[in-house]
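All remarks here apply to the structure that follows.
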There are 2 protein chains.
Amino acid sequence: MTVTRRAQHVADTRDALVKAARELFAERGYAATGTEEIVARARVTRGALYHHFRDKKALFQAVMNDVAAEAAEALVTHELRYAQDQPGEPWDQLRHGFQSFLDVCTTGDFQRVVLIDGPAVLGPGAWDQLVDEHGHGLLAEWLRKAMANGEIDELPVAPLARLLAALISEASMFTARAEDPDAARREAGQVVDRVLQGLRRTEA
Amino acid sequence: MTVTRRAQHVADTRDALVKAARELFAERGYAATGTEEIVARARVTRGALYHHFRDKKALFQAVMNDVAAEAAEALVTHELRYAQDQPGEPWDQLRHGFQSFLDVCTTGDFQRVVLIDGPAVLGPGAWDQLVDEHGHGLLAEWLRKAMANGEIDELPVAPLARLLAALISEASMFTARAEDPDAARREAGQVVDRVLQGLRRTEA
DNA sequence: AACATCAACATACAGCTTGTATGTCACGGG
DNA sequence: CCCGTGACATACAAGCTGTATGTTGATGTT
């Protein structure tokens, strides 16, 4: 067996650390979470933590990647299924994808970890890295395609993708913190959709 | 004299605290700035700090209000002058205002303090409060007016204002962290303007 | 004018937290 | 079979925040 049992144990403790940290970071935020709580929940000691990660920030980085990867994967599979079920125009897929993106962002973990603490802990540019790494180069890709098809106006893709992502992120925050989440979700979705519609090709 | 000299000294130390904290928070971020550095720069002791502010977060709150108020004021005066110089259509003023907003957000202090550390330190909802307090209820006002004039489509104003503010905030981050800030500023401005244009009333 | 009082600080202290240095033990190769 | 090394656990040092206590100068009172 190439993968020894010991190696499994190692991976297991690492995963336990990331999982415990994720729960606590999402619940109380990065600053308010002590390493002691994390290792207690993971049922290891701080020694294990500092063996696997250089410092607390590195652990947070791992958690953030975890959350982002999960969200990206959920979005992709969701959209792939939709595209299969209903092979319509790319435009409709883009609209649908935006709404799905909104729903994905509205999960609690994503909000607190990626949107709130991420930039503060890892400095600005944390987003850039995430964006580059976890595929919403995907988003840029979609936009490029839509432009090539003449469905939306030509615009610099890089800033457009980032601004739209920020738009949706904020929409998710708005939704989550509203008194009436369902109503807020509808309103936010409506606004997002309208903004996207506004980008459609203006008939020359 | 109703305002005694002692009172001036008190206000002076408080201002010195806020100013020193603002510089350091903007430069190194909230978490990386110790209270000792702050009071050293303000040439007082930590006792003074904890006399004027309940804790470090309260000081940050004051700094954030300071930065936000300054930005809001700059924006307003700028726009008022523009409106006076060139009393055109409200639509043009809205477009111009967005670009000004972008420029205001691009100042270093605003980025780090309000956009990055603000939500993380004071929790989400810090934005809501700022938005409500420092007038970009102004923004909502403009939008309402533009809708009433039939210049842009009817949409829920609250989410629209927040999403547009987030859009511009992200545009400013994009601009500031780009290799070529000037080019990035142009691209970001172009995208923002295009999004805004997209909201114009669709001829029924 | 002497005195009490209180605000505006300064100083000293206690507790918590992070990171590191050191120790231990099991596993795995030679 | 034994020794080295990785994977932890433990113990320690340093820094930071918040609080409790001390001090001083202004201010109001009689």
Side-chain angles (χ1 to χ4, degrees), chain A residues 1-25 27-64 113 117-118 120-123, chain B residues 1-25 27-64 113 117-118 120-123:
Chain A
M1 46 168 149
T2 81
V3 48
T4 166
R5 168 158 289 133
R6 181 182 174 90
Q8 288 183 354
H9 290 168
V10 173
D12 181 58
T13 59
R14 205 199 116 102
D15 289 351
L17 280 171
V18 172
K19 187 182 175 196
R22 173 172 172 166
E23 292 171 6
L24 290 167
F25 286 161
E27 187 178 342
R28 307 180 202 172
Y30 175 82
T33 302
T35 54
E36 202 71 54
E37 303 175 82
I38 297 172
V39 298
R41 180 169 296 210
R43 287 180 306 176
V44 294
T45 64
R46 287 171 21 95
L49 197 165
Y50 281 90
H51 177 72
H52 281 279
F53 302 94
R54 190 162 42 79
D55 54 9
K56 196 183 166 191
K57 275 160 71 172
L59 174 58
F60 177 82
Q61 176 101 278
V63 170
M64 184 164 162
V113 174
D117 280 336
V121 174
L122 305 177
Chain B
M1 48 168 148
T2 81
V3 50
T4 166
R5 170 157 289 132
R6 180 180 173 89
Q8 287 183 355
H9 290 168
V10 173
D12 180 59
T13 60
R14 205 198 115 104
D15 289 350
L17 249 4
V18 172
K19 188 182 174 197
R22 173 172 171 166
E23 292 170 6
L24 289 167
F25 285 161
E27 188 179 340
R28 307 181 203 172
Y30 175 82
T33 302
T35 54
E36 201 71 53
E37 302 175 82
I38 297 173
V39 298
R41 179 168 296 208
R43 286 179 306 175
V44 293
T45 64
R46 287 170 25 90
L49 196 165
Y50 281 90
H51 177 72
H52 282 279
F53 302 93
R54 190 163 42 78
D55 54 9
K56 195 183 166 191
K57 274 160 72 172
L59 174 59
F60 177 82
Q61 177 101 276
V63 169
M64 185 165 161
V113 174
D117 281 335
V121 174
L122 305 178

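Numbered from 1 within each chain, the chains take letters A, B, ... in sequence-line order.
- The distance from atom NE2 of B/His52 to atom P of C/dA7 is 13 Å, rounded to the nearest whole Å.
- Taking atom NZ of residue B/Lys57 and atom C1' of nucleotide D/dC16, one finds them 16 Å apart after rounding to whole Å.
- Residue B/Thr13 has its side chain nearest to C/dC9 when only D/dC8, C/dA10, C/dC9 are considered.
- Within the 4.0 angstrom heavy-atom criterion, no nucleotide atom of any strand lies near A/His9.
- Annotation for B/Arg54: atom CZ does not count as buried by contact number, only 12 or fewer foreign heavy atoms lying within 6.0 Å.
- Spacing between atom CG of B/Asp12 and atom C1' of C/dC9 amounts to 14 Å, rounded to whole angstrom units.
- One can find a donor-acceptor pair under 3.5 Å joining the base of C/dG19 and the side-chain atoms of A/Arg46.
- Nearest-nucleotide positions on DNA chain C place A/Tyr30 closer to the 5' end than the other of A/Tyr30 and A/Gly47.
- An OP1 or OP2 oxygen of D/dA9 is reached within less than 4.0 angstrom by no side-chain nitrogen or oxygen of A/His51.
- Among D/dA7, C/dC9, D/dG18, the nucleotide with an atom closest to any side-chain atom of B/Ala48 is C/dC9.
- Using bins of under 30°, 30° to 60° and over 60° for the plane-to-plane angle, the ring pair A/Tyr30/A/Phe60 lands in the perpendicular bin.
- Comparing D/dA9, D/dC8, D/dT17 by their nearest atom to the side chain of B/Lys56 picks out D/dT17.
- When only modelled atom types and interatomic distance are considered, B/Arg46 and B/Thr35 share a side-chain donor-acceptor pair under 3.5 Å.
- Rounded to whole angstrom, the span from the CD1 atom of A/Ile38 across to the C1' atom of C/dG19 amounts to 14 Å.
- Here A/Thr35 lies in heavy-atom contact (under 4.0 Å) with sugar-phosphate atoms only.
- The separation between A/Phe53 atom CZ and D/dC8 atom P is 11 Å, rounded to whole Å.
- B/Asp15 places its CG atom 14 Å from the P atom of C/dA8, with the value rounded to the nearest Å.
- A/Leu17 approaches A/Leu49 most closely through the heavy-atom pair CD1-CA, 3.8 Å.
- Atom CD of B/Glu37 is separated from atom C1' of D/dT17 by 14 Å (rounded to the nearest Å).
- Atom-to-atom, CD of A/Glu36 to P of D/dT10 comes out at 11 Å; the value is rounded to the nearest Å.
- Looking at the side chain of A/Tyr50, the nearest of the listed nucleotides C/dA8, C/dT20, D/dG18 is C/dT20.
- Of the residues listed (B/Val18, B/Val63, B/Leu24), the one engaging B/Ile38 in a side chain to side chain contact (heavy atoms under 4.5 Å, CB included) is B/Leu24, and it is the only one.
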